[in-house]
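Worksheet for the structure shown next.
Chain letters run A, B, ... following the sequence lines, proteins first, then strands; residues in each count from 1.
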Protein chains: 2
Amino acid sequence: MNQELQQAQQTFIQGMIRISHFWGFPKAMGAIYGAIYLAPAPLTLDEIVQQVSVTKGAVSTNVRTLERLGMVHKQLQLGDRKDYYIPETDFWKIIRTVLREREKQEFDVALRTVDESLAIVNSQGAAADPEDAALARLYQERMEKMKSFFNMLDNIVATLLALDELRLNTVQRLFGKTTNKES
Amino acid sequence: MNQELQQAQQTFIQGMIRISHFWGFPKAMGAIYGAIYLAPAPLTLDEIVQQVSVTKGAVSTNVRTLERLGMVHKQLQLGDRKDYYIPETDFWKIIRTVLREREKQEFDVALRTVDESLAIVNSQGAAADPEDAALARLYQERMEKMKSFFNMLDNIVATLLALDELRLNTVQRLFGKTTNKES
DNA sequence: TATAACGTTTAGTACAAACTAAACGTAGTA
DNA sequence: TACTACGTTTAGTTTGTACTAAACGTTATA
């Protein structure tokens with residue numbers, strides 16, 4: 001591989017590291033995905049180790065979560081103990097998997113937590129102290145408001161997840177045309 | 001404040017802590033927002049310190065970023081050096097501000113980084129080595145693909161930011177009705 | 001059966017980021 | 001003018017987490 005290509009790859013990987021870090025994922029994870037994404041052929045664990053400078057153990061764990069998120073796929077061959085990794089290049093598919101695996105759970109937790117607090121407020125009858133009663137009403141109102149917001153997010157995500165690839169193409173047509181930032 | 005209300009508040013704040021942490025914000029930030037969100041009256045810095053158990057310095061810095069994200073608002077009174085904080089309760093407004101302040105920037109950075117790598121690949125003429133030439137083509141193809149994806153995200157975010165509150169009501173009507181998870 | 005080539009697990013380390021405690025600057029107040 | 005009551009800044013500490021290095025288990029191969 002010549003000079004420019006190597007530099008382009010490294011720059012790209014640096015970008016992936018940054019993005020990964022920003023979204024709260026390990027930096028190595030971004031680097032690894034970058035390497036696999038640009039590879040002309042399926043990569044083995046040791047090849048990844050060589051390309052990004054990270055130990056085998058770290059690559060092993062990171063590549064596993066990448067696979068869990070549907071960002072890479074493992075390819076196995078008979079009579080060969082090596083694992084070969086290829087990138088998932090359909091980013092909409094990735095987003096859907098990540099939403100399902102990671103965000104969805106957390107949305108549900110958020111919903112449940114607010115609900116739990118709300119249940120505590122509701123559990124008490126009319127408070128003796130009128131000041132407490134007013135506070136209880138405020139709590140109910142505010143918590144209900146947040147709850148319905150979370151519910152809405154939940155519905156939006158659920159809708160996204162329900163979209164099949166055909167409809168995603170529609171999204172792409174909707175937002176893809178207006179390239180307002182061409183270089 | 002009676003027992004149940006206090007417990008409800010604490011549970012709620014715990015939830016905010018968790019959510020904040022999940023989204024990569026400081027935990028104290030979530031707690032502080034939770035306290036302000038449930039307060040029946042504007043809170044001063046020292047009152048916040050008392051409600052969430054965090055030192056004044058931490059509250060000072062966290063409340064500032066909360067204000068920058070449009071999640072709370074500072075209220076000043078003449079002849080009073082104290083700062084009074086009230087919550088922003090319009091979550092769609094918050095999302096728009098956060099997108100603008102935080103994610104938008106990062107989307108742009110991501111776009112630029114990929115663009116930069118692409119520029120390096122394009123800078124070199126046809127490679128001497130045919131293998132390098134093939135690799136260069138792959139890089140171009142893959143990087144272009146990611147670039148257009150980022151561009152699309154950028155457009156979606158831009159569209160969201162352009163939505164005024166009137167249209168957001170439409171979103172709410174669209175996704176708000178189907179409450180599939182009532183408790 | 002020993003050896004080499006895999007991926008995984010684990011114990012220890014390094015680092016970034018959030019927090020605490022305290023000093024600080026400033027503006028009202030006696 | 002000293003004193004008090006604020007919010008902010010800073011130096012130091014803590015903590016969680018991602019990483020390294022190395023041991024490990026397993027499977028193919030000589």
- Message: Measuring from atom CG of A/Leu118 to atom CG of A/Asn122, what distance do you get when rounded to the nearest 0.5 angstrom?
- Response: 5.0 Å

- Task: Supply the atom-to-atom distance B/Lys104 NZ to B/Phe107 CZ, rounded to the nearest 0.5 angstrom.
- Result: 9.0 Å

- Heavy atoms of other groups near B/Gln50 CD, more than 12 under 6.0 Å: no

- Note on the structure: Heavy-atom nearest nucleotide on DNA chain C taken for B/Val59 and for A/Val63; more 5' hit belongs to A/Val63

- Message: Using side chain to side chain contact (heavy atoms under 4.5 Å, CB included), reason through B/Val49 and B/Val54 one step at a time and then give a plain yes or no.
- Response: CA-CA 6 Å; B/Val49 167; B/Val54 168; over 6 Å; no

- Given the side-chain rings of B/Tyr37 and B/Phe91, with only the six-membered ring counted for Trp, is the space between their centroids under 6.0 Å? yes

- Message: Please list all pairs meeting salt bridge (charged side-chain N to carboxylate O under 4.0 Å, His left out) that have one or both residues in residues 41-66 of chain A, counting only residues at least two apart or in different chains.
- Response: none

- Task: Could you encode protein contacts along nucleotides 1-6 of chain D as a string, one character per nucleotide from 5' to 3', using B for base contact, S for sugar-phosphate-only contact and - for no contact, with a heavy-atom cut-off of under 4.0 Å?
- Result: ----BB

Please report the closest heavy-atom contact between [X] and [Y], naming both atoms and the distance.
X        : Y        : answer
B/Trp92  : A/Ile156 : CH2-CD1, 3.8 Å
A/Leu138 : B/Pro40  : CD2-CA, 3.5 Å
A/Lys145 : B/Thr89  : CE-O, 3.2 Å

Can you give me the N/O atom pairs linking the protein to nucleotides 16-19 of chain D at distances under 3.5 Å, or say none if there are none?
{"from": "D/dC19", "atom 1": "OP1", "to": "A/Ala28", "atom 2": "N", "distance (Å)": "2.8"}
{"from": "D/dC19", "atom 1": "OP2", "to": "A/Asn62", "atom 2": "ND2", "distance (Å)": "3.3"}

Extract all donor-acceptor atom pairs below 3.5 Å that involve side chains of residues 6-20 of chain A and protein atoms in other chains or at least two apart in sequence.
{"from": "A/Gln9", "atom 1": "NE2", "to": "A/Gln51", "atom 2": "OE1", "distance (Å)": "2.6"}
{"from": "A/Thr11", "atom 1": "OG1", "to": "A/Gln7", "atom 2": "O", "distance (Å)": "2.8"}
{"from": "A/Arg18", "atom 1": "NE", "to": "B/Glu106", "atom 2": "OE2", "distance (Å)": "3.0"}
{"from": "A/Ser20", "atom 1": "OG", "to": "A/Pro26", "atom 2": "O", "distance (Å)": "2.7"}
{"from": "A/Ser20", "atom 1": "OG", "to": "A/Gly30", "atom 2": "N", "distance (Å)": "3.4"}

- Message: I'd like the 5' and 3' limits of the part of DNA chain C contacted by chain A, with heavy-atom contacts below 4.0 Å.
- Response: C/dA5 to C/dA17

- Using rotation axes that map the C1' atoms of four end pairs onto the next four (five pairs an end), what angle separates the end axes of the helix from C/dT1-D/dA30 to C/dA30-D/dT1, to 10°? 20°

- Message: Are B/Asp154 and B/Asp108 packed together at the side-chain level, in the sense that at least one heavy-atom pair is separated by less than 4.5 angstrom?
- Response: yes

- Verdict with reasoning, B/Glu88 to B/His73, per side chain to side chain donor-acceptor pair (under 3.5 Å): CA-CA 7 Å; B/Glu88 171 61 62; B/His73 302 287; 2.8 Å; yes

